[in-house]
> 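Before we start, here is the structure in question, set down as structure tokens.
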Number of protein chains: 2
Amino acid sequence: MKDVAEIAGVSVSTVSRVISGKFAVEEGTASRVRSAILQLDYRPNLLAWGLRSRSGKFIGLVIPGIHEPFATMIGLLEEYVTRGGYSLLFGNTESGPEKENIFIDDLISRHVDGIVFSGVSEKSLALPKLAGTDIPIVLFDRVFNARENVVTVALNNEAAGRLAARYLVGLGHRRVATITGPPDLNLCKDRLHGFKDEVSRLGAALDERDIEVGDFSFDAGLKASQALFARKSAVTAVWAQNDLMAIGLMRGLASLGKRVPRDVSIVGADDIPFARMTVPSLSTVRQPFEAMCRQAVSSLLGYDDLSRSANRHFAFDPELVRRESAQSP
Amino acid sequence: MKDVAEIAGVSVSTVSRVISGKFAVEEGTASRVRSAILQLDYRPNLLAWGLRSRSGKFIGLVIPGIHEPFATMIGLLEEYVTRGGYSLLFGNTESGPEKENIFIDDLISRHVDGIVFSGVSEKSLALPKLAGTDIPIVLFDRVFNARENVVTVALNNEAAGRLAARYLVGLGHRRVATITGPPDLNLCKDRLHGFKDEVSRLGAALDERDIEVGDFSFDAGLKASQALFARKSAVTAVWAQNDLMAIGLMRGLASLGKRVPRDVSIVGADDIPFARMTVPSLSTVRQPFEAMCRQAVSSLLGYDDLSRSANRHFAFDPELVRRESAQSP
DNA sequence: TTTCCGCATGATATCGTTGTCACATAAAAA
DNA sequence: TTTTTATGTGACAACGATATCATGCGGAAA
């Protein structure tokens, strides 16, 4: 910057003013400065800028894995974040809470301007630690401990359960099963509650023994296929709380010689890119990731002014995507 | 830091020395400093540190998409990078060269310590721009213009083509087809050349009309299924240059009523997580992503001392993964 | 003419670190 | 005892930006 000033024959102050554009500079000097910048191929030092302004100009993303649907979320968040002139710093906390801990410390040290947080479990040390700072945070997808003052962005999980139930029972299934995610996650409880309640409200049956507890993984779906269908079963339809388990279930049923959807109807949740690629393609309860990510970023960057009175908890409605994996029994 | 110094009754210099640990400090003062740090919950400011040391302590990742196999790569790179005490800044350049351009500028402005570069196309402005800086760069996966002085990490693509050919012809297929990626990518040419050459060397046939040009997407595979099999065809096996197209092909064949692998054998490339999840599961030519990512990071962070004489171009050998989608005709 | 205001610009302090230099003290060598 | 050496510590400059304050200058109002 000093060099630029020298070449243009002005002071660094003036160079700074030309760059920021927020103050009046005579056109003659301004153009001299601009050509000096071009000549030297000058690029501002964001480290120095950040030090001065106490803002690193990035958004941190804490995420419990890189598999779908998180990959999709990462891509979307990156897009919105960079569009706002920020950069995305992301950390995968799958490997454990220590990793989460050092990542959060790093984010604080780097003076991130906001954090999108999707924790592995509810017992995270991150929140109390962050409370001591002025870093805005959005609890994303996996919401817990929703204190009033923290913004949350998530699916309306109970509605998702109800939607799946209405679809399957509506198709004519009388005896259904389900595979849940990790039971310590609120979202799983909510989805299960919605599903269970709607199934019984509509007069169909969900036996307690037909509720399989999974962990959102392909292998959990595989295992569930054994647990549910290795023996003769009256179940004709299954809702898996995410697509990965649904796909595992389909894969397991194929090995058992059951046909989907002829013998068993399957519905997933998320609508990951692969849902349309499987054979048969997967009917699923879609999460509106685009809208959710946009909301998360604009909450952090302060695009929507959530005045004190405004709602800080955003619950997005799921949407049913009909494909091939479910039909009438 | 000043506060810490005050509480501990020492100067900031001493605090700095205690933190860095690289200079002798009397144990008494050191422990006083440490307890002051704990008491204030002091965290160093990485922006200031970076400004002083001209190093932002991160690695930039330029990648042409967030879908597989890039998601896997991102996860792996993040792991190795953070393990080395750095952070990962990543940018998706799928949306075009302007995005790539501003991302590269951002990386320079942030004083990244290295860049893992996987460009969309060969005509990228990034390399010349980066040449003016002292930022180390590794060309990853998509290698081009491999000047001697730049490190490259990639699959041995010709070997991948040969491996696929040997497998399919070895199974007994006499007439094969293939789907390539974007033809302007060197890696596609190399894969095609290896495949073509090995097929004819082994005495089987790859007709020019049975070479479909794709773009690595699911839909390209879908389209290829029409182009290759909508009419009667003597082709009994197809190699797709990546798994996504192979899965699209399988999906398309299912719609055409062809069975895989009974009617057509299919082999992919990459071995993305979903390759084992499809029905039938996908046989594929595996890229050793773990080793490749580890190599990329350690080259950048200078863990392996590539002395001037040492090889700067790393080509990793592919590995055949036998699953269900290919069999003898 | 004097006074005052607005405008473009420069000098300088500051952000939170680390590195360089100087200095005091104590121990070792003369 | 005097000189040297080693050791721990503090003061201060620097990294590259921005923000605050001061200043010179031209024109409008008195």
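Just so we're on the same page: letters track the sequence lines, and every chain starts at 1. Note that the structure is predicted; figures quoted are calculated from it, not measured.
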> Which part of the nucleic acid does T29(B) contact within heavy-atom distance under 4.0 Å: base, sugar-phosphate only, or nothing?
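Contact class for T29(B): sugar-phosphate only.
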
> Please report the interatomic distance CZ(R110(B)) to OG(S87(B)), rounded to the nearest 0.5 Å.
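That separation rounds to 11.5 Å.
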
> In terms of side-chain heavy atoms of M1(A), which of dG10(C), dT18(D), dG10(D) is nearest?
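Given the options dG10(C), dT18(D), dG10(D), the side chain of M1(A) is closest to dT18(D).
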
> Rounded to whole Å, please give me the gap between CD in E27(B) and C1' in dT7(D).
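Result: 15 Å.
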
> Inspect the contact between E290(B) and R294(B) and indicate whether a charged nitrogen and a carboxylate oxygen are less than 4.0 angstrom apart.
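A salt bridge is absent here (no side-chain N lies under 4.0 Å from a carboxylate O).
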
> Looking at E78(A) and K99(B), does any basic side-chain N land under 4.0 Å from a carboxylate oxygen?
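Salt bridge: yes.
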
> Quick check on dT9(D): is either OP1 or OP2 less than 4.0 Å from any side-chain nitrogen or oxygen of S11(B)?
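No, because none of the side-chain N or O atoms of S11(B) sits under 4.0 Å from OP1 or OP2 of dT9(D).
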
> Reading DNA chain D from 5' onward, which residue's closest nucleotide shows up sooner: V25(B) or S53(B)?
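Checking each residue's closest nucleotide, the 5'-ward one belongs to V25(B).
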
> Could you state the NE2-C1' distance from H111(A) to dT18(D), rounded to the nearest angstrom?
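To the nearest whole Å, that distance equals 16 Å.
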
> Side chains of residues 127-140 of chain A: which donor-acceptor partners sit under 3.5 Å, not counting sequence neighbours?
from	atom 1	to	atom 2	distance (Å)
K129(A)	NZ	N101(A)	OD1	2.9
K129(A)	NZ	D105(A)	OD1	3.2
K129(A)	NZ	D105(A)	OD2	3.4
T133(A)	OG1	L130(A)	O	2.8
T133(A)	OG1	I135(A)	N	3.2

> Separation of N45(B) atom CG from dT14(C) atom P, in whole Å?
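Computing the N45(B):CG to dT14(C):P distance gives 18 Å.
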
> For V10(B) and A48(B), take the nucleotide of DNA chain D holding the closest heavy atom to each; which residue's nucleotide lies nearer the 5' end?
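Closest to the 5' end, via its nearest nucleotide, is V10(B).
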
> Using atom CD of E26(B) as one end and atom C1' of dA24(C) as the other, report the distance to the nearest whole Å.
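Distance check: E26(B) CD to dA24(C) C1' gives 13 Å.
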
> So do the side chains of Q295(A) and V297(A) get within less than 4.5 Å of each other, counting heavy atoms only?
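Of all side-chain heavy-atom pairs linking V297(A) with Q295(A), none is under 4.5 Å.
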
> Find the distance between OG (S20(B)) and CH2 (W49(B)) and round it off to the nearest 0.5 Å.
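Between atom OG of S20(B) and atom CH2 of W49(B) there are 11.5 Å.
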
> If the cut-off is 4.0 Å, is R54(B) near the phosphate of dG16(D), judged by side-chain N/O to OP1 or OP2?
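For dG16(D), OP1/OP2 do have a side-chain N/O of R54(B) under 4.0 Å.
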
> Taking the six-membered ring for Trp, are H67(A) and F70(A) parallel (under 30°), tilted (30 to 60°) or perpendicular (over 60°)?
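Taking F70(A) first and then H67(A), their aromatic rings stand perpendicular (interplane angle over 60°).
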
> D3(B) has an atom CG; how far is it from atom P of dG16(C), in whole Å?
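My rounded result for the distance is 9 Å.
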
> What does nucleotides 20-28 of chain D look like as a protein-contact string, B for base, S for sugar-phosphate only, - for none, at under 4.0 angstrom between heavy atoms?
---------

> To the nearest angstrom, how far is L46(B) atom CG from dT17(C) atom P?
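After rounding, the gap between these two atoms is 9 Å.
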
> Side-chain contact test, heavy atoms from C-beta onward, threshold under 4.5 Å: evaluate it for M73(B) versus I63(B) and give yes or no.
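Side chain of M73(B) against side chain of I63(B), heavy atoms only: contact under 4.5 Å found.
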
> Check whether any side-chain N or O of W49(B) sits under 4.0 Å from OP1 or OP2 of dG16(C), and answer yes or no.
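Answer is no, no contact under 4.0 Å.
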
> Would you mind reading off the distance between R43(B) atom CZ and dG16(C) atom C1', rounded to a whole angstrom?
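It works out to 16 Å between those atoms.
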
> Looking at P64(A) and N92(A), what are the two nearest heavy atoms and their distance?
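Here P64(A) and N92(A) meet closest at C-OD1, 3.7 Å.
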
> Whenever both distances are under 3.5 Å in a Watson-Crick or G-U wobble pair, mark it; put DNA chain D into dot-bracket that way, with [ ] for crossing pairs and | when the partner is on another strand.
...|||||||||||||||||||||||||||

> Any chance you could measure I74(B), atom CD1, to F289(B), atom CZ, to the nearest 0.5 Å?
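Spacing of CD1 (I74(B)) from CZ (F289(B)) equals 11.5 Å.
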
> Choose from dT18(D), dG8(D), dG16(C) the nucleotide whose nearest atom is closest to any side-chain atom of L51(A).
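Comparing dT18(D), dG8(D), dG16(C) against the side chain of L51(A), the answer is dG16(C).
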
> Using whole Å, report how far CD of E6(A) lies from P of dG10(C).
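Distance, rounded to whole Å: 13 Å.
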
